[in-house]
Amino acid sequence: MKLKNYLFACFGLLIISCSTPGNQTSSVDRKIDSLLNEMTLEEKLGQLNLPSAGQFITGQAQNSDIARKIEKGMVGGLFNIKSVGAIREMQQIAVEKSRLKIPLLFGMDVIHGYESVFPIPLGLSCSWDMELIEKTARVAAQEASADGINWTFSPMVDLSRDARWGRISEGSGEDVYLGSAIAKAMVRGYQGDDLTANNTIMSCVKHYALYGAAEAGRDYNTTDMSKHRMYNEYFPPYKAAVDAGVGSVMASFNEIDGVPATANKWLLNDVLRHEWGFSGFVVSDYTGVSEMIDHGYGDLKTVSGKALAAGLDMDMVSEGLVNTLAQSLKEGKVTEKQIDNACRRILKAKFLLGLFDDPYRYCNEERARTEIFTAENRAFARSVAAQSFVLLKNDKKTLPLQKKGTIALVGPLADAATNMTGTWSVAARFSESITVLEGLKKAVGNQAMVVYAKGSNLHEDAAIEERATMFGKSLNRDSRSAQAIRDEALRIAKSADVIVAAVGEAAEMSGEASSRVNIDIPQTQRDLLKALLETGKPVVLVLFTGRPLTLTWENENIPAILNVWFGGSEAGDAIADVLFGDVNPSGKLTTTFPQHVGQLPMYYAHKNTGRPLAEGQWFQKFRSNYLDVSNDPVYPFGYGLSYTTFSYDKLALDKTEISAGGTVTVSVNVTNTGSREGAEVVQLYVRDLVGSLTRPVKELKGFQKVMLKPGESRTITFTLTENDLSFYRADLTFGAEPGKFQVFVGGNSRDVLQTEFELK
Ligand code: BGC
């Protein structure tokens, strides 16, 4: 059959098969088989190639080097390309000029929204609201697909317990259970229940695996951990994404057990495909294949062959697979079957996305004009941002502020539009983000006066500031002395009724390759805060950050601290909403905030050790502690305040003994004891007291976010199943062991009520 006819036949079949899901796999597989039969070796290898397009102005693409490669069938997909026009042009080359007319995938890092930008993932996770999180991914998919994108490199589900690691900002924090729930929600949001729909996109869970456990918090660094820890703590969020049907997986940059993840057969084939049943395709990270040369794993030909044999399907940027595998095949280092398998998985993704049916399915100029950065999406982003903020301190009800008098707004992040969306917001319209200054001014209208001064540079060291404000996110460094910049702010502060200080990190101080050894607020900004406190006026710290910072001094000295992370394109309005009390904050931390960087890695679900510190103590000789700092965090996991208060009582279990397969119902009474309506995240933790392997002192096993009116009480119930009590044991079987379990419920991981039951 002539290819064109064949493809048309395929489209017809696909439409029929889509309506009968049972047939889909086999009919798609048959189509892929016929296509593979038509393909030359070079064309098969071309499908494994994912170059970065760079941005083309429409019309330029035709003459580019990439266009020539597409025409020759040497490209399977492109990324780093934005706009329907540019994408349509590239797709046209693939489906009109290449011999087999196979459509391209178009990927992008749509990480926390597209043009309507949501909070950075770490912030978003603090909402603890799975429906909300799923909807952010849905809206991101809607906007991205309206602009030609059909594949996103998200979610990033790397667990991280080391705030030095800059990419902690891109994940959901330190917890296994919460991280897994978020992984599922994100995949569902992007992919919906029909990948062929023109407003859903394929998700790519990353970075598989253990990327967040980089030694010393230094990006790309080695990870090394026990299988017990991998299976119980670091693997579950990736597995959750696989269970949710994620279409693709990205291999991480790091090595595991001495083998780079990109060519790690145990990881890619044994665990991912065989144990977890993943049937999609695996893509490397950016130059992940060629970086194996520097890992000391061989030359480009060797590492490319090893990667394919290990189960890698697509090569991002290195062009190692496309250029060397033919030779490796001749030498017997790889097999044709391995090449066919990789190619098959990529073709299958294209079928699932409906690209063979209509390669321009995601290229609709009308949608691009009407569905992106809409008023509706921006309003949603504003409400999401407010729900991600965490109120860390609020002495003497400093917050909410009143819309009256004079408000002095100071700080290097107060009027910084390009920094509002945070790291990894590649599609954002930077200059159109709402700043804190704009947000406050709009909110008060003519009821109050907002006066502004920068107050300090981002950092006392100009070189560090430059590194922290890359990619067009300059904070316009002021060349005056620190004293002169500060004095200007003090002048306006002295005439004000209240001071709002927008300080912390710049957007690019976290994210990729943005590790820090000092996680304090930079000294020049702390000096500003000290000087502002000396005015005697109430000071509110609006904290911008992409990671937990060491806020020991701030927590001791500043009356009110609102952590706003990087809240996205609408964050300025959302900050005003919360500062003035139009929205009551309800975010809860998903990472521990340490007192000192030397405590890292720090996380609530640690082991007890054989020499735990006695309760209430902060130093005991020959116990597990430090000479100079207690073991406590400044703010524990799960912590966050509200403008109202909540109390917990009547923690009860429906039974104190259960047998295998049984369940136990935990109930607790939660009361809003303040004077405002507010949302509380009720958290359930469990401790398995004795195990065949030692167990953490607490593990999150449930949470519910409830809205309560002033004075309202509600009984919240959780059901614990045997699955919740199970863990991966030494032989990596998963199961629960008889014995006593403690149950804790509270509004954070530290302040809890406690009871226990026994599994017989
Ligand atoms: C990052 C990935 C990202 C990729 C493509 C890499 O540097 O590690 O997270 O998806 O680039 O932009």
Side-chain angles (χ1 to χ4, degrees), residues 49-55 66 75-82 104-114 120-122 137 140-141 144 149-160 165-172 183 186-187 190 201-214 217-223 237-238 241 246-256 260-262 280-292 294-295 312-320 349 421-428 470-471 507-508 510-515 546:
N49 193 25
L50 177 69
S52 166
Q55 190 53 50
I66 295 227
V75 176
L78 283 179
F79 72 111
N80 280 347
I81 179 166
K82 186 170 186 279
L104 298 170
L105 291 172
F106 289 95
M108 191 189 262
D109 289 279
V110 182
I111 308 291
H112 48 111
Y114 189 67
I120 55 166
L122 184 59
I149 303 296
N150 48 44
W151 181 30
T152 177
F153 305 135
S154 173
M156 168 178 130
V157 303
D158 305 316
L159 208 81
S160 180
W165 190 56
R167 301 197 82 171
I168 195 170
S169 56
E170 291 177 56
S172 298
M186 296 289 289
V187 172
Y190 289 129
I201 59 180
M202 185 169 279
S203 164
C204 180
V205 67
K206 69 189 188 185
H207 306 83
Y208 182 67
L210 323 181
Y211 182 44
R218 185 156 54 79
D219 211 356
Y220 318 122
N221 207 1
T222 305
T223 62
Y238 308 107
V246 74
S248 59
V249 170
M250 187 184 293
S252 55
F253 286 126
N254 53 283
E255 64 169 64
I256 292 168
T262 312
F281 72 96
V282 181
V283 62
S284 78
D285 201 344
Y286 201 107
T287 59
V289 170
S290 55
E291 285 174 27
M292 287 191 279
D294 281 329
H295 274 281
L312 187 87
D313 305 309
M314 198 174 218
D315 171 359
M316 188 192 286
V317 177
S318 304
E319 305 217 317
T421 55
T423 189
W424 274 123
S425 44
V426 290
M470 292 170 121
F471 311 129
E508 294 302 326
S510 63
E512 187 167 352
S514 297
S515 294

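As the structure is a prediction and not an experimental result, all values here were calculated from the model. Order of listing sets the numbers, starting from 1, for every ligand and every atom in it.
Residue contact check for ligand 1: Glu170 places no non-hydrogen atom closer than 4.0 Å to it. The shortest separation from a heavy atom of Met250 to ligand 1 is under 4.0 Å, placing the residue in contact.
With rounding to the nearest 0.5 angstrom, the CG atom of Leu159 is 8.0 Å from the OH atom of Tyr238.
Atoms of ligand 1 found under 4.0 Å from any heavy atom of Phe253 (numbered from 1 in listed order, with element): 7 (O), 8 (O). Close contacts of ligand 1 with Phe153, meaning ligand atoms under 4.0 Å from a residue heavy atom, involve 10 (O). Taking every non-hydrogen atom of Phe79 and a distance limit under 4.0 Å, the qualifying atoms of ligand 1 come out as 5 (C), 12 (O). For ligand 1, the atoms lying closer than 4.0 Å to a non-hydrogen atom of Lys206 are 2 (C), 3 (C), 9 (O), 10 (O).
Where the criterion is an N or O separation shorter than 3.5 Å, residue side chain and backbone included, Tyr286 fails it with respect to ligand 1. Taking distance alone, with nitrogen or oxygen atoms compared against 3.5 Å, Asn80 stays at or beyond that limit from ligand 1.
Counting heavy atoms closer than 4.0 Å to ligand 1, residue Trp424 contributes side-chain atoms (C-beta onward) but none from N, CA, C or O. Residue Met108 does not touch ligand 1, judged by heavy-atom distances below 4.0 Å.
Using the six-membered ring where Trp is involved, Phe79 and Phe153 have ring planes that are perpendicular, over 60° apart on the 30 and 60° scheme.
Side-chain contact check for Lys206 versus Asp109: some heavy-atom pair is nearer than 4.5 Å. Considering only heavy atoms from C-beta on, Thr423 comes within 4.5 Å of Glu508 through its side chain. No side-chain heavy atom of Ile168 sits less than 4.5 Å from a side-chain heavy atom of Ser510. The shortest side-chain heavy-atom distance between Tyr286 and Ser52 falls under the 4.5 Å cut-off.
The protein heavy atom nearest to atom 10 (O) of ligand 1 is Asp109 OD1, 2.6 Å. The closest protein non-hydrogen atom to atom 2 (C) of ligand 1 is Asp285 OD1, 3.2 Å.
Under 3.5 Å, the side chains of Ser160 and Asp158 contain no donor-acceptor pair of N or O atoms.
Between Tyr211 and Trp165, the distance separating the two ring centers is shorter than 6.0 angstrom.
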